[in-house]
Amino acid sequence: MSVPFSISVTVNGVRYARPVRPNQLLVEFLHDDLELHGTRNGCSQGVCGCCTVLVDGEPAKACLVLAPQVDGGVVTTIEGLAPPGGLHPMQTAFVEVGAVQCGYCIPGMVMTAAAFLEENPRPTDVQIRDALANNLCRCTGYMKIVEAVKMAAAANLSAGSGGDA
Amino acid sequence: MVGSLILPSFAYVAPKSLAEAITTLAALGPDAKLLAGGQSLIPLLSMRLARPSTIVDIGRLGELRYIRAVDGQLRIGALTRHRDVERAPLVQVQAPVLAAAAGLIGHSHIRNRGTIGGSLAHADPAAEFPAAVTALEASVIALGPNGEREIPAGELFLGPLTTALLPSEILTEVRVPVPPAGHGWAFREFTQRSGDFALVSACAIVTLQTAAVATCRIVVGGAGPVPQRCVGAEAAVVGHPTAPEAPREAAALAADEVEAEDDLHASSGYRRRLTRVLVRDALEDAFARLHVPQATRP
Amino acid sequence: MTQPIAAIGSPLPRVDAAEKTSGHAQYVGDLRLPGMVYARLARSPYAHARVKSIDTRAAAELPGVVAILTRENAPALKYNSSPFDAVPGSRAMIEDQTLFDEKVRYVGDPVALVAAVDWETAENALEAIEVDYEPLPPVIDPEAALSRDAPLVHEGRSDNLIAHVKLAHGGDLNAGFEAADVVVERRFRTPRQKHVQLEPQVCVADWNGDRLTVWAPTQSPHQLRTKLAALWHLPQSRVRVVSLNVGGGFGHRVGFVLEPYATAMAMHLRRPVKLRLNRIEDFSNSENRHPMIITVKAGGRRDGTLTALHVTSILDAGAYAGVSAEVAHVHANVGTRLYRCPRRFDGYVVYTTTPGCGSFRGVGGPQASFSVEQCLDELAGALGWDPIEFRRRNSLRLGDPDPWTNLRIESWALDEVLDRGKAAIDWDAVRGPTLRDGPWRRGVGMAAMMHVSGGNCISSRRVEGSSALVRVNPDGTVEVFSGQSETGTGVATMVSQIAAAELSLPLDRVSVTLGDTASTPYDSGSHASRTAFTTGWAVKLAAEDARAQLLRVGAGMLEAHADDLELEAGDIRVRGTPARAVSLGEVARRAYHTMTEIVGKGVAPISNAPPYGAHFADVSVNEETGQIRINRYVAVHDVGRALNRSVVEGQIEGATAQGIGFALSEEVLIDPDGGSVTNASLMDYKVMTAADVPRIEVILVEHPDPHGPYGAKGVGEVGIIPAAGALANAVADAIGARVLEAPMTPERVLAALTETI
């Protein structure tokens with residue numbers, strides 16, 4: 001057995017000091033220890049993207065990060081993307097377009113899509129599909145997920161054009 | 001059995017400085033393993049294909065994350081992320097083929113965390129950076145307990161996942177000789193899916209003097225155990241004008257001379273076939289990019 | 001914030017979307033029960049071996065190991081993984097599985113089950129178990145497995161043949177071939193495809209000495225309960241199955257997956273057990289789509305008449321029979337049913353020492369499309385007929401008896417499907433002439449299909465039932481209880497929408513309870529494109545029943561005749577006198593006070609309806625690399641009536657993407673010598689990403705069927721069936737050569753091209 005040691009990490013704005021095992025993946029820490037169940041393991045190989053979170057503000061696959069690596073860092077999971085009880089515009093778009101089926105991949109998809117739009121607010125279809133290729137979905141064929149990202153982009157732009165200084 | 005996705009037990013240390021990392025690595029011996037961005041190593045750990053006694057995490061050593069231009073070279077710290085290489089104007093201008101290669105690695109999340117030093121030390125024969133640095137005739141700096149040494153890219157890769165680095169050494173820097181302004185370059189690859197490792201990749205870097213090709217470097221990745229220089233194909237191009245049929249002829253030579261292997265994704269014959277297509281396309285692209293640099297015009 | 005009254009057909013947002021999108025939806029893998037232990041299976045490295053001895057002493061001594069089961073101490077159970085032994089009218093299933101046998105029959109066959117206090121301990125214990133094997137010759141190739149001297153996969157049987165499935169319809173086959181001007185015969189191979197539902201297999205089981213509770217991401221909670229009760233000789237009333245949210249099913253989760261093992265450990269320990277597979281195991285140790293070798297022989301006359309069709313298929317069932325014989329029947333019917341000529345099917349279902357194969361969306365349909373639709377395409381070409389018109393000329397017609405269900409065809413949509421697709425893909429512009437762009441050659445192709453809406457009546461006598469309850473609460477809210485499982489297909493939304501529409505309420509007034517056998521009436525589950533059709537029927541009838549009860553109580557309150565009342569926007573009122581009204585809540589409250597709870601009950605009628613479809617692909621093929629690029633992809637489907645347009649499109653888009661994967665990139669590779677899966681990871685098994693799947697243009701055609709709820713037909717599987725046929729035919733049009741093996745990887749396409757040069 002690996003010998004646990006303590007890390008300190010801020011997850012969704014909450015500071016934690018917690019023991020982790022050296023060989024513990026970030027996805028296990030988030031899902032099993034903190035019981036943030038929206039971050040899920042689907043492949044352990046960094047392909048499916050079901051475990052996508054933000055580490056220090058950048059999207060990362062939590063099955064390709066050891067829990068000790070986030071010591072002192074800041075992590076955002078799907079549960080922290082919007083204020084409690086609310087939905088992020090990307091989440092709203094996924095709901096409205098009907099982009100959700102079994103839902104297992106969706107939190108990771110949303111994390112990828114939300115981070116992508118921050119970086120590229122006016123994406124082309126090809127750019128959207130390239131960004132979503134960080135994640136796999138087996139239910140939807142991606143059509144409605146692409147639509148959701150487009151809808152969120154359009155909503156962002158129209159909201160942004162209204163009142164910025 | 002293979003398939004266990006619970007990582008094997010190991011200890012974890014995160015040295016605070018490069019010097020401390022060197023001492024730590026020396027003290028722990030060959031069973032310790034360096035962790036940089038983790039995008040290649042952690043999957044191996046998950047499969048229990050690697051069973052280190054200790055993980056030495058150097059991923060947060062800020063001192064190894066930089067891109068500088070020094071004496072006609074680009075010096076890139078080993079912990080520079082793929083994304084940084086892809087986007088740095090310095091790289092895009094001075095060694096555009098390296099930026100292009102970086103942009104083809106996996107998908108964006110992988111490029112956010114993966115590092116150039118980690119990729120080179122991992123030495124996947126189908127990865128983009130090994131092929132690109134070989135074509136660029138770059139070198140790496142290996143720092144060990146007895147100081148540093150420079151290893152040319154052509155001597156770094158010994159086989160799949162095997163390099164000339166010693167267990168006590170840390171790859172600290174990549175040194176890329178900046179190709180002359182106006183050089184032609186291309187990085188082409190064929191993947192099964194978006195973001196996959198290439199079945200075959202081809203990297204070409206060409207320079208022109210008056211009307212003839214002065215230098216030409218062609219490297220094929222993914223086909224065999226290491227990135228391969230195609231010296232026969234290169235020789236067929238050098239000294240001749242950039243004729244339209246030259247890429248096709250050189251590519252045929254490249255397809256003959258590369259060592260091509262079978263694996264579960266493709267046969268050696270298919271890899272040879274792809275080599276012919278990709279080397280041709282890469283050379284055509286490289287020729288098309290050749291130009292007389294603005295600054296040297298009268 | 002008031003929602004509109006729900007309407008049938010409206011693309012209302014799914015009722016489960018918000019909780020799934022925010023990360024709060026619960027899946028079985030999220031469960032942690034007090035005292036729960038973590039279980040992992042130890043597995044054979046050999047494809048075929050005798051287990052001489054197992055030494056678990058070192059493993060048992062590891063701190064934290066709670067128990068180890070092997071064949072020394074586990075109960076000797078006999079079972080079959082299929083759910084259909086629980087279905088009336090189904091064929092007998094071979095019970096060839098046991099927890100731990102004396103032999104292992106594929107790489108990954110379980111030899112021991114470890115329970116420990118955490119995953120890491122369990123994993124380390126697996127490595128400490130020592131097994132002494134006597135290797136036996138593996139049986140990997142299904143054709144070799146059929147030979148007389150092949151080693152037996154299961155002792156006690158005379159050979160490795162599980163079943164020879166035969167089917168004949170439409171007259172004299174030999175006479176049909178004799179009447180033909182042209183006969184085409186081709187041999188095809190199709191891949192072992194994996195479901196890759198993104199939630200890896202998992203099961204939580206608890207036994208308190210009296211009651212067995214199983215949380216499993218199953219598609220069929222009630223059938224699973226029936227099977228578990230039979231397995232353990234327990235009264236069904238003492239077994240409870242809960243499915244929670246299922247992270248994708250696609251046929252993988254219709255029968256037993258991990259439940260026999262998880263329940264065995266729970267009963268051994270009398271404490272909760274969580275057993276899971278990791279992704280690698282999910283590939284090698286759970287059921288696949290059957291790889292097939294399919295020979296198609298078709299004859300036709302120059303006047304465009306198809307005169308004979310003979311399909312001979314070898315289905316590699318892997319190590320255990322499971323549902324394989326049933327798959328052969330579905331494959332046979334999808335392959336031979338649509339066309340009117342004399343036709344015959346011979347299917348040889350064979351054991352090999354490879355991972356077992358089972359049901360996968362479309363169940364033998366994609367294999368049939370890739371082979372039969374290609375052969376017919378080639379035949380049409382040889383006869384000088386346009387493929388679309390050839391199909392139209394030879395298909396069944398309205399009023400014909402359906403050879404699969406023995407029901408008469410009472411809705412017909414294939415002609416419109418073909419017309420719409422032909423126009424959408426601009427068929428005449430792309431078909432035929434060689435269009436070139438550098439190394440790219442362009443072509444267009446199509447494939448047609450006809451399917452079923454659920455398993456009722458198929459294979460003559462099957463009954464797969466659904467019943468449902470609709471309860472109206474005293475506050476006017478409504479609850480639907482259904483034994484269905486939400487595998488992602490939208491059943492929760494669909495049944496809510498039906499109940500809301502019937503009771504004239506907005507969607508948010510309806511809640512639904514699914515997937516818990518303790519609180520829901522029987523439903524045979526989510527498979528065979530039956531959910532909207534059969535469960536939808538049950539919910540519709542239950543809601544109608546509730547409505548009638550409400551009107552009866554309301555009639556008393558309004559002092560009117562029930563026939564004169566109407567239910568509108570949450571109120572019951574006297575028709576023509578809207579002022580005389582009571583709210584639904586008041587009626588329900590009155591009912592409670594008079595000791596009559598409003599609970600409607602619905603039982604689906606035994607019916608079926610044929611959905612039609614055709615896919616059209618415009619592709620370019622690179623003659624240097626063999627790469628296929630899809631320029632446009634049009635999927636036309638007759639859905640009877642779309643109950644929720646967005647959900648229906650989502651089903652078709654997703655299934656089509658899986659069909660495209662089957663056609664182009666997905667194949668579980670088996671080491672021909674050792675029998676292990678060589679690409680058991682998402683890195684090496686090529687599920688397409690968003691950047692790889694083309695835009696799928698879905699066209700819905702709505703020809704209501706008199707036997708479907710609101711005219712609806714099944715839509716869950718239809719999208720996956722014609723994809724491979726359409727793409728293969730488009731490739732053939734582009735390059736003038738047939739690719740006879742799927743997936744049509746660039747290397748295989750290039751080989752086909754090279755052969756023709």
Side-chain angles (χ1 to χ4, degrees), chain A residues 1-2 21 23-24 28 31-32 35-48 50 77-79 81-82 86-88 90-92 94-107 110 125-126 128-146, chain C residues 11 13-14 16-27 29-30 32 63-64 119-121 124 195-200 245-250 278-280 486-490 646-647 649-658 660 681-683 687 689-693 695-696 698 719:
Chain A
M1 284 293 287
S2 312
R21 290 175 287 110
N23 61 348
Q24 190 171 0
E28 297 171 54
H31 184 278
D32 298 349
E35 298 195 81
L36 294 167
H37 291 154
T39 305
R40 307 184 180 108
N41 192 339
C43 75
S44 285
Q45 298 281 294
V47 181
C48 78
C50 294
T77 72
I78 188 71
E79 291 89 348
L81 190 62
L87 291 181
H88 183 276
M90 186 61 73
Q91 292 170 320
T92 306
F94 270 63
V95 171
E96 287 188 5
V97 164
V100 181
Q101 292 191 26
C102 90
Y104 199 81
C105 77
I106 292 298
V110 168
D125 276 24
V126 170
I128 291 172
R129 284 182 175 268
D130 277 347
L132 294 175
N134 279 290
N135 301 60
L136 292 179
C137 171
R138 192 58 157 165
C139 292
T140 63
Y142 307 107
M143 286 290 295
K144 292 194 177 353
I145 295 179
V146 173
Chain C
R14 291 173 53 129
D16 53 352
E19 70 164 15
K20 285 178 170 175
T21 312
S22 60
H24 293 104
Q26 291 282 303
Y27 298 79
D30 302 335
R32 186 185 325 201
W119 292 121
E120 188 178 17
T121 305
N124 292 338
H195 309 72
V196 194
Q197 77 300 335
L198 282 175
E199 173 195 35
N245 285 295
V246 179
F250 317 124
N278 61 44
R279 179 58 64 187
I280 310 294
E486 179 57 271
T487 63
T489 59
S646 169
V647 168
E649 285 171 356
Q651 283 301 294
I652 291 170
E653 289 160 2
T656 301
Q658 289 177 351
I660 294 172
S681 79
L682 291 183
M683 200 82 90
V687 173
T689 72
D692 306 303
V693 175
R695 202 168 92 80
I696 298 161
V698 174

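Keep in mind the model is a prediction, meaning the values are calculated, not measured. The chains referred to below are lettered A, B, ... by the order of the sequence lines, with proteins before strands, and numbering in each begins at 1.
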Using non-hydrogen atoms and a 4.5 Å limit, figure out which bit of Q651(C) sits close to chain A: side chain, backbone, both or neither.
both
With a 4.5 angstrom heavy-atom cut-off, is it the side chain or the backbone of V47(A) that approaches chain C, or both, or neither?
side chain
Pick from C105(A), G42(A), G98(A), G38(A): which one has the most heavy-atom pairs with chain C under 4.5 Å?
G42(A)
Which region of N41(A), side chain (C-beta onward) or backbone (N, CA, C, O), has a non-hydrogen atom less than 4.5 Å from a non-hydrogen atom of chain C, or is it both or neither?
backbone
Of the backbone (N, CA, C, O) and the side chain (C-beta and beyond), which part of T140(A) lies under 4.5 Å from a heavy atom of chain C, both, or neither?
backbone
Which heavy-atom pair separates D16(C) from Q101(A) by the least distance, and what is that distance?
OD2-O, 4.4 Å
Could you tell me which non-hydrogen atom of P13(C) sits nearest to which non-hydrogen atom of V95(A), and how far apart they are?
CB-O, 3.8 Å
Most heavy-atom pairs under 4.5 angstrom with chain A, which of A657(C), A655(C), A17(C)?
A17(C)
Pick one of side chain, backbone, both or neither for V246(C), based on which atoms fall under 4.5 Å of a heavy atom in chain A.
backbone
Heavy-atom contact with chain A under 4.5 Å, split by part of H195(C):
backbone
Please classify the contact of S22(C) with chain A as side chain, backbone, both or neither, using a heavy-atom distance under 4.5 Å.
both
Would a 4.5 Å heavy-atom cut-off, applied to side chains only, mark I696(C) and M143(A) as touching?
yes
For V126(A), is it the side chain, the backbone, both or neither that has a heavy atom under 4.5 Å from a heavy atom of chain C?
neither
Please classify the contact between Y142(A) and chain C as side chain, backbone, both or neither, with a heavy-atom cut-off of under 4.5 Å.
side chain
Using a 3.5 Å distance criterion without hydrogens, assess whether the side chain of Q91(A) forms a donor-acceptor pair with backbone atoms of T21(C).
yes
Sub-4.5 Å side-chain heavy-atom contact between R138(A) and Q658(C):
yes
I would like to know whether E120(C) and Q24(A) meet side-chain contact (heavy atoms from CB on, under 4.5 Å); could you show each step before the answer?
CA-CA 10 Å; E120(C) 188 178 17; Q24(A) 190 171 0; over 6 Å; no
Checked M90(A), E35(A), R40(A) vs chain C; the most non-hydrogen pairs under 4.5 Å come from R40(A)
Please name all residues satisfying ring-ring contact (aromatic ring centres under 6.0 Å, His included) with H31(A), sequence neighbours left out, ordered by chain then number.
H37(A)
Among the options L136(A), V110(A), L132(A), pick out the one with the most heavy-atom pairs lying under 4.5 Å from chain C.
L136(A)
Part of C50(A) within contact of chain C (heavy atom distance under 4.5 Å):
side chain
